[in-house]
Amino acid sequence: MEKKRKLKPRENVVSFIPNGDFYYNKALQALDREQFEKAHKYLQRAAELSPEDSLILMQYGVIKMELEQHDHALELLRKAHSIDPDEPEIVLFLAEVSAHLGMSDDAGKYAKLYLELDQQGVYAEEALEIIDFSEQMKEQPTSDEPQDSEAVYLQEKARRMMEEGNFKEAIEQFEEIIQDNPDFWAAYNNLSLAYFYLGEAEQARALLHQVLKGNFGNLHALCNLTVMAYYEKNKEELEELLELLVKIQPYSFDHRYKLGATLALVGRYEEAYKWLRSLQKRGFEGDPGFYFWLSHAAYFSGRKAVGKSAWKKLLEIDPDKEGFEPWAYESRVTNPNAIEQNREFIVEKLESKYRSDRLFGLFLLGKTIHKQEIIAHPGWIDVDEYSSMEKLFLAYALEHEFDAQDKSILPFLRAMEASDILYMQSMPISMPNTFLFQMWFVLCERALDENYQFKNPKALVAAADYMYKSSRMKSVTKKSVAEAYGVTTTTLTKYVNELIHFLPGFDA
């Protein structure tokens, strides 16, 4: 079940208008050059343009299997099979992906069907292995949860909806599953998360307590409650749940992963490392989330070599995580009182009714080690409610690559350059210095609204610093501030006169 699949070429396909076949053959060319990411994108486009082509759907499903996205692969292969039920290879791949998802009955059924369709096929030996696997699984002790393969499939489909942000559709699907399978606790747990991500925390908690009432000690429910308590800063409940979690000794890979990731999220790195590392030692080949949390747990518990090794593996799977490594901000973490490492302060700014405060919070988001967890929280970042300016600040915090030739965003980019200069002069930010930054982002907000060009970022920062200090200290001089920033007093005065027009109430 571990053979690498190759796409079959289609002969005599010539197209001058991009269609499914066109992108399918582009995928072939990309695979020949070992450009797997491009091949995946081309197959995705081919499937969009030719949604009823069973061969394209099959090969797209195979690529998804290689990426270990088995739930999506199953959906694609099922559709391909409905279009062409007598194609042996589609049936074989259905057997394989069913085995990966633990749907052993379906795996065996499809493997037997493959042999009926093509007894001497190239995958006959593999089909026999899958049949053996299916028979062995029948001898294993049964789970408390339903083995209905359709329910498992629908749950995976709903979970993928949730991962794509389609929470309302996912909720409808989970509720249908629960109605037909009232003891399917995994569906309850995922439904609670969907409600939580929509901001309905009370409904989410009620579902989790319903799980614990019907399935006492359900680890996923306990972990989900712990995460909710952590995000909502309910310290008393969090401590009670953690006291319970650290005593649990899980056996299964799934439970060790869930427990380890939860403990890492809430900062219990030593215990998290124990469970995540135990999986790796037993040959567990994890997804990006596994290596993300293993890296954090290892690094912050003093196993820096293991942490860096796990991060290297993560980047091989998901290159987009570059920049989120746990040691990226190590020099700033050494000061525990630094505002940029104060999660509560940043969240307070992000939730402020004042846009300038939210801009400050978004700026700090780009500097904090808590970036990932803040982004992941359903209520702290609300892109749909953000103004265009706030969306630009968020993109900058997430290290989006801007087009420096785009004149419409040059003022914003210069404002960010100035903000970074101010930060470099002040890092780590102390509580007294936050007032300087708050003034600066008030100026930024008003200046960007009026399309101010922010020429000479260094001089602008010097001007803002002088304006702030001179309002609090009579002894401060333009000369001393100008020298600190490497500008002339004449230049400093010029930009003070420009910035002062953006102070609130100046025009009144």
Side-chain angles (χ1 to χ4, degrees), residues 1-11 13 19-104 106-118 121-131 133-134 149 152-153 156-157 159-160 163-164 285-288 316-318:
M1 290 189 286
E2 298 300 328
K3 294 179 182 177
K4 295 292 181 185
R5 311 298 181 195
K6 291 185 178 180
L7 274 66
K8 293 181 176 180
R10 280 190 165 175
E11 299 178 0
V13 176
N19 56 16
D21 286 332
F22 172 83
Y23 285 105
Y24 181 89
N25 284 280
K26 293 281 284 183
L28 283 178
Q29 295 169 12
L31 282 174
D32 286 341
R33 301 186 184 101
E34 296 188 350
Q35 297 171 332
F36 299 109
E37 188 174 342
K38 280 189 176 181
H40 175 256
K41 289 180 180 178
Y42 287 138
L43 276 172
Q44 182 179 18
R45 186 62 178 142
E48 289 171 354
L49 293 172
S50 300
E52 300 302 318
D53 190 313
S54 62
L55 178 60
I56 288 176
L57 291 173
M58 180 186 76
Q59 301 293 6
Y60 187 26
V62 170
I63 287 288
K64 287 292 185 182
M65 287 170 63
E66 297 290 351
L67 294 172
E68 298 190 5
Q69 297 176 15
H70 296 114
D71 55 326
H72 195 184
L74 177 62
E75 186 177 344
L76 292 165
L77 291 166
R78 278 191 171 191
K79 185 174 181 181
H81 181 55
S82 69
I83 295 168
D84 190 357
D86 296 324
E87 169 54 49
E89 287 198 43
I90 295 175
V91 173
L92 187 281
F93 295 139
L94 271 170
E96 185 171 334
V97 74
S98 296
H100 277 292
L101 287 169
M103 300 158 60
S104 56
D106 278 8
K109 178 186 74 175
Y110 287 124
K112 289 174 183 176
L113 179 57
Y114 171 80
L115 293 176
E116 290 174 13
L117 293 170
D118 192 1
V122 293
Y123 298 119
E125 184 177 340
E126 187 170 353
L128 290 170
E129 289 180 6
I130 294 173
I131 292 170
F133 161 78
S134 176
S149 61
V152 174
Y153 163 68
E156 289 302 312
K157 184 177 180 181
R159 190 174 58 80
R160 188 157 56 82
E163 290 173 352
E164 293 169 353
E285 291 291 334
D287 56 11
E316 291 174 5
I317 304 171
D318 186 2

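Owing to the predicted nature of the structure, the values given are computational and were not obtained by experimental measurement.
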One should read off an interatomic distance between L92 CG and M58 CE, to the nearest 0.5 angstrom, of 10.0 Å

With sequence neighbours left out, the residues meeting side-chain contact (heavy atoms from CB on, under 4.5 Å) with E316 are K312, K313

Should L74 and L94 be marked as a side chain to side chain contact (heavy atoms under 4.5 Å, CB included) after you check the CA-CA gap, both sets of side-chain angles, and the distance that decides it? CA-CA 7 Å; L74 177 62; L94 271 170; 3.8 Å; yes

Mind checking whether L128 and L115 have side chains closer than 4.5 Å, heavy atoms only? yes

Who passes side-chain contact (heavy atoms from CB on, under 4.5 Å) against P85, sequence neighbours left out? H81

On a heavy-atom basis, the closest approach of D106 and R78 is OD2-NH2, 4.0 Å

Using 30° and 60° as the class limits, which term best fits the ring planes of H72 and Y60: parallel, tilted or perpendicular? perpendicular

Atom CD1 in I83, atom CG in L55: separation rounded to 0.5 Å? 11.0 Å

Residues in side-chain hydrogen bond (donor to acceptor under 3.5 Å, both in side chains) contact with Q29, at least two apart in sequence or another chain: none

At their closest point, which heavy atom of L57 faces which heavy atom of A80, and how far apart are they? CB-CB, 3.9 Å

Looking only at heavy atoms, what is the nearest atom pair of Y114 and P88, with distance? CD1-O, 3.1 Å

Can you list the residues that meet the side-chain contact (heavy atoms from CB on, under 4.5 Å) rule with A111, with sequence neighbours excluded? A95, A127, I130, I131

Reported CD1-to-CD distance for the pair I63 and Q44, which is rounded to 0.5 angstrom: 12.0 Å

If you round to the nearest 0.5 Å, how far is CG of L76 from CD1 of I90? 11.0 Å

Residue set satisfying salt bridge (Lys or Arg N to Asp or Glu O under 4.0 Å) with K79, at least two apart, ordered chain then number -> E52

Where L43 and Q59 come nearest, the two heavy atoms and their spacing: CD1-O, 3.8 Å

Give a yes or no on whether a salt bridge exists between R45 and E48, defined as a side-chain N under 4.0 angstrom from a carboxylate O. yes

D84: salt bridge (Lys or Arg N to Asp or Glu O under 4.0 Å) partners, not counting sequence neighbours: none

I need the minimum non-hydrogen distance between V97 and A73, along with the two atoms involved. CG2-CB, 4.0 Å

